[in-house]
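All chains are named by letter (A, B, ...) in the order of the sequence lines, taking the proteins before the strands, and each is independently numbered beginning at 1. This structure is a prediction, so every number in the text was calculated from the model and none was measured.
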Protein chains: 2
Amino acid sequence: METENLNAPAPGEAVVATPESIDLDVLDNTLSFYLRALNMAVSRDWDVRIKDLHPIRGIGKVTALLLVGRHPGIRPSVVAQVLMKDRSEVGRVLDGLETSGLLARRISATDSRARALFLTPQGEEMADEVRRRVRESRRFFGDLTEAEYVAAITPLRSLYWRLVTKPRAAGSEVH
Amino acid sequence: METENLNAPAPGEAVVATPESIDLDVLDNTLSFYLRALNMAVSRDWDVRIKDLHPIRGIGKVTALLLVGRHPGIRPSVVAQVLMKDRSEVGRVLDGLETSGLLARRISATDSRARALFLTPQGEEMADEVRRRVRESRRFFGDLTEAEYVAAITPLRSLYWRLVTKPRAAGSEVH
DNA sequence: AAAAGTAGTGGACATAATCCACCAACGTTG
DNA sequence: CAACGTTGGTGGATTATGTCCACTACTTTT
């Protein structure tokens, strides 16, 4: 088996994870790649930051909490659009918040199919704490200046709202 | 019908998913939020685009394939750093590529703990196809000009490499 | 008033990600 | 050289995420 090692090492064997050493091929010019990778890193950091706040662990809970806090009576389907998630998934997120006593679902006054979402007093408290943690989480990007941070976030915010408001048919783009 | 709809509708009941209507609270200034949401949208689009390429479905396979293609002999741990994923998860990604006949693992010539990764001829073909699809996927952002696309990707690329080369950034600054 | 569409829920399923333990190999240090 | 701590890769177990589809209740359209 180890007689195979007589060959000269392949060039890639010396590669390390630095921009000088790694060639990302087409991915270097692919926004999706960076979105995915950075999302991984950021999510891990976030999970650590809120690992003591059991009721709001999990991806969408924070956003749902803050959204409902800011917009009492908002509907789950709107939350789903903002989160860019499936309605059924958002439903489960809301289940979690509700069973933790942070959120209440009532029947909408204007459309009895729909639900109107509200925070409980505990939900409001949790929202305060969450806001604090979110602001703290900016430190994860501590070596970014404010200008750099703004430069990164601004195009993404713009893109985000385009996708949310425009019917984003998956795989079928405008030609 | 035990819920009483007697009350006037809450303000949030009229909220729709537009930037004029929605207030994202602190999340509006939180990079993580946009990274997560956009990642959702982009990943869904990508899954549709490659749903016929069974062997490379799943998150990290594309990146691994292209990386190994560009750097024959690269080690799994380096791939893991680039993907920002757990080593064991990358191991399973490589398992998938290997059982699909796209990739081969050999013992590294320089360190027999490590593996040297190579694409098979089918792997090279697949990499060609993947490159094509990745370029096509740019169309998902079809309403972004090239300048806007560059404006979005440039800060993220920079941030990405900072995090890869300096994991666990705890307040020290780069320059 | 029938038909078509929408809001929310729930079940079943498939991936994705984490945690932890383990073994083999490296490379120091004395 | 031999014991030690460290690193690279693998595997098991568990949990979290996300998707698909079906179903009920209600609303809107015709």
Task: Sub-4.0 Å heavy-atom contacts from residues 57-66 of chain B onto DNA chain C, ordered by number - done: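 Within this stretch, B:G58, B:I59 sit under 4.0 Å of the strand.
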Open item on the list: Short of 4.0 Å, heavy atom to strand atom, which residues of residues 43-53 of chain A count as contacting DNA chain C?
Closed with: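 A:R44, in order of number.
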TODO: Sequence neighbours left out, what passes salt bridge (Lys or Arg N to Asp or Glu O under 4.0 Å) with B:R92? Give chain and number order.
DONE: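 With neighbours one apart ignored, the set is empty.
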Open item on the list: For B:E20, give me all partners under salt bridge (Lys or Arg N to Asp or Glu O under 4.0 Å), at least two apart in sequence or on another chain.
Closed with: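 Expected list: none.
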- [ ] May I ask you to decide whether A:R138 forms a salt bridge with A:E146, counting only side-chain N to carboxylate O separations under 4.0 Å?
- [x]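 Yes.
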Task: Side-chain ion pair, B:D128 and B:R132, N-O less than 4.0 Å - done: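 Not counted as a salt bridge, because no side-chain N and carboxylate O are separated by less than 4.0 Å.
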Task: Expected output: side-chain B:T120 to main-chain B:G101 donor-acceptor under 3.5 Å - done: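 The answer is yes, because a donor-acceptor pair under 3.5 Å joins these two groups.
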TODO: Could you tell me whether a side-chain N or O of B:R162 sits under 3.5 Å from a main-chain N or O of A:D143, the two making a donor and an acceptor?
DONE: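 The answer is yes, because a donor-acceptor pair under 3.5 Å joins these two groups.
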Task: Residues that B:S77 engages under side chain to side chain contact (heavy atoms under 4.5 Å, CB included), provided they are two or more places apart - done: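 B:S77 satisfies side chain to side chain contact (heavy atoms under 4.5 Å, CB included) with B:R75, B:R87 once adjacent residues are dropped.
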TODO: Not counting sequence neighbours, which residues clear side chain to side chain contact (heavy atoms under 4.5 Å, CB included) with B:P19? List them please.
DONE: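 By the side chain to side chain contact (heavy atoms under 4.5 Å, CB included) rule, B:P19 matches A:W161, A:T165.
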Could you list the donor-acceptor pairs under 3.5 angstrom formed by side chains in residues 51-66 of chain B, with sequence neighbours left out?
residue : atom : partner : partner atom : Å
B:D52   : OD1  : B:R133  : NH1          : 2.9
B:D52   : OD2  : B:R133  : NH2          : 2.8
B:K61   : NZ   : B:R57   : O            : 2.8

Task: Listed partners of B:F141 passing ring pair (Phe, Tyr, Trp, His ring centres under 6.0 Å), at least two apart - done: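 So B:F141 forms a ring pair (Phe, Tyr, Trp, His ring centres under 6.0 Å) with B:Y149.
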TODO: Could I get the full list of side chain to side chain donor-acceptor pair (under 3.5 Å) partners for A:R135, not counting sequence neighbours?
DONE: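 Listed in chain order: nothing, the list is empty.
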What is the distance from [atom1] of [X] to [atom2] of [N], rounded to the nearest Å?
X      : N      : atom1 : atom2 : answer
A:I56  : D:dA16 : CD1   : P     : 14 Å
B:M40  : C:dT15 : CE    : C1'   : 13 Å
B:H54  : C:dT15 : NE2   : C1'   : 16 Å
B:I107 : C:dC23 : CD1   : P     : 18 Å
A:E89  : C:dA12 : CD    : P     : 18 Å
A:D86  : C:dT15 : CG    : C1'   : 15 Å
B:K85  : C:dT18 : NZ    : P     : 8 Å

TODO: Starting at the 5' end of nucleotides 4-9 of chain C, put B wherever the base has a protein heavy atom under 4.0 Å, S where only the sugar-phosphate does, and a dash everywhere else.
DONE: -BBSBB
Open item on the list: Five pairs per end, C1' atoms only: what is the angle between the end axes of the helix from C:dA1-D:dT30 to C:dG30-D:dC1, to 10 degrees?
Closed with: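 Terminal axis comparison yields 30°.
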Task: A:T110 and A:S108 side chains, donor-acceptor separation under 3.5 Å - done: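 Yes - a donor-acceptor pair under 3.5 Å links their side chains.
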Task: Contact list for residues 27-51 of chain B, test ring pair (Phe, Tyr, Trp, His ring centres under 6.0 Å), sequence neighbours left out - done: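 Matches after skipping sequence neighbours: A:Y160-B:F33, A:Y160-B:Y34.
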